[in-house]
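Report on the following structure.
A note on names: the letters A, B, ... follow the listed sequences, proteins ahead of strands, and every chain is numbered from 1. Just so we're clear, the structure is a prediction, and the values are computed from it rather than from any experiment.
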Protein chains: 2
Amino acid sequence: MTDQPGLDGDGPSESASGTINRMSEGACCAGTFPANRRVSDDVIDSELTVFKALANEKRLRIIEALRDGELCACELETILDAPQSTVGSHLSKLREAGIVRTRKEGKWTYYRIADTASLQVLNLAAALGEDEQ
Amino acid sequence: MTDQPGLDGDGPSESASGTINRMSEGACCAGTFPANRRVSDDVIDSELTVFKALANEKRLRIIEALRDGELCACELETILDAPQSTVGSHLSKLREAGIVRTRKEGKWTYYRIADTASLQVLNLAAALGEDEQ
DNA sequence: CATACATATCGAAAAAGTCCGATTCGACTT
DNA sequence: AAGTCGAATCGGACTTTTTCGATATGTATG
């Protein structure tokens, strides 16, 4: 027989609820798992939508550029120094993810940050990544 | 303020050396982009590292599972219901990104969230994505 | 030391994402 | 209406990421 991890719980951070159903026979985790630690698919989907939208250098540059206020699509083209179709598809993804919102004025389309919470996410991520390098 | 789109169309008579212009004909924003809105590459890199690590369903499930405390790699295998090598590579990426930290105990490896700021990022993202669906 | 188990890593195929020319569409001007 | 400009979208080449069997490493046990 083999030991089970976390049985005696002498670790420094073993303070979680003991509702995890551990097995009493066989290998470490065979058969049973802490099902109560699953999270709803909706939450995962929400997070995934946002993070996929943010996991791209050009899209991050767009958002950083929009920190101080709205810009039109063509201005973002020059900031990214990329072809119109490239910038356009990035903007589409940001809009589909709900990160940015648009305002049409004549033949121009102005983009702005939809929710300041997006900027908080950026700030937190920057701080997180910073002390890891 | 920079010139907003509104200057008259000049026609295809671009003669100067386009320093930042990629299009054949400058119009709306050619030459007058808000350069001061650029952000340092370091910040972008930090954000990118974090967001790339979080932009994956399985890795998000791992992090959500670790909210309440550490779990060993084999427990995470059963949560994800994926082969050991798949889970292992996701855990490697999370560790390389600094999202999780490990603790070895005998032949087991325990994973935990490295920084509670990660969970704040998740919470914000979940809220952001929520009201977009 | 042989064995079993936990896990890290490799490598190649599959899947997903990015890039960008070309096209389409809408709004404006003449 | 015809032409122009800004912008959205399509299609396919290209790049990156994911997946997972196979293998390697490490740790306990007999």
Indicate, yes or no, whether a donor-acceptor pair under 3.5 Å links the base of dA6(C) to the side chain of Gln84(B). no
Side-chain donor/acceptor of Arg59(A) to backbone N/O of Lys93(A), under 3.5 Å: no
Tell me whether the OP1 or OP2 atom of dG21(C) has a side-chain N or O from Ser85(A) closer than 4.0 Å. no
Atom CH2 of Trp108(A) and atom P of dC5(D) are separated, to the nearest Å, by 12 Å
Check whether any side-chain nitrogen or oxygen of Lys107(A) sits under 4.0 Å from OP1 or OP2 of dT4(D), and answer yes or no. no
Using a cut-off of strictly less than 4.0 Å, decide whether Asn56(A) has a side-chain nitrogen or oxygen near OP1 or OP2 of dG17(C). no
Check for a donor-acceptor pair, side chain of Asp115(B) on one end and backbone N or O of Ser118(B) on the other, with a separation under 3.5 Å. no
Taking 4.0 angstrom as the limit, do Arg112(B) and Asp68(B) come out as a salt bridge? no
Please give, in whole Å, the distance from dG26(D) C1' to Arg103(B) CZ? 17 Å
Distance check needed: dA6(C) C1' versus Leu91(B) CG, whole Å only. 12 Å
Nearest whole angstrom, please: distance from the C1' of dT27(D) to the CD of Glu105(B). 13 Å
Would you please confirm or rule out a distance under 4.0 Å between OP1 or OP2 of dT19(D) and any side-chain N or O of Ser89(B)? no
Position toward the 5' end of DNA chain C (nearest nucleotide), Ala55(A) or Gly106(A): Ala55(A)
Between dA6(C) atom P and Leu76(B) atom CG, what is the distance in whole Å? 14 Å
Would you kindly give the NZ-to-P distance between Lys104(B) and dT25(D), to the nearest whole Å? 14 Å
Under 4.0 angstrom between His90(A) side-chain N/O and dG17(C) OP1 or OP2: no
For Ser92(A), answer base if it contacts any base atom (sugar-phosphate contacts may also be present), sugar-phosphate if it contacts only those atoms, and nothing otherwise; contact means non-hydrogen atoms under 4.0 Å. sugar-phosphate
Side-chain N,O (Lys93(B)) to OP1/OP2 (dT18(D)) below 4.0 Å: yes
Write down the distance between CZ (Phe51(A)) and C1' (dT18(D)), rounded to a whole number of angstrom. 19 Å
Look at the side-chain N and O atoms of Arg59(A) and state whether any lies under 4.0 Å from the OP1 or OP2 oxygen of dC19(C). no
Are OP1 or OP2 of dT19(D) and a side-chain N or O of Lys58(B) less than 4.0 angstrom apart? yes
Would Phe51(B) and Val50(A) count as a side-chain contact (heavy atoms from CB on, under 4.5 Å) here? Give the steps. CA-CA 9 Å; Phe51(B) 291 136; Val50(A) 171; over 6 Å; no
Is there a side-chain contact between Tyr111(A) and the phosphate of dA8(D), meaning an N or O under 4.0 Å from OP1 or OP2? yes
May I ask you to verify if any side-chain N or O of Thr109(A) is less than 4.0 angstrom from the OP1 or OP2 atom of dG6(D)? no
State whether Lys52(A) places a side-chain N or O below 4.0 Å from either non-bridging phosphate oxygen (OP1 or OP2) of dG17(C). yes
Is a side-chain N or O of Thr86(A) found less than 3.5 angstrom from the main chain of Ala82(A), in a donor-acceptor match? no
Check: Ser92(A) side chain, Gly88(A) main-chain N or O, donor-acceptor pair, under 3.5 Å: yes
Would you kindly give the CG-to-C1' distance between Leu48(A) and dT17(D), to the nearest whole Å? 13 Å
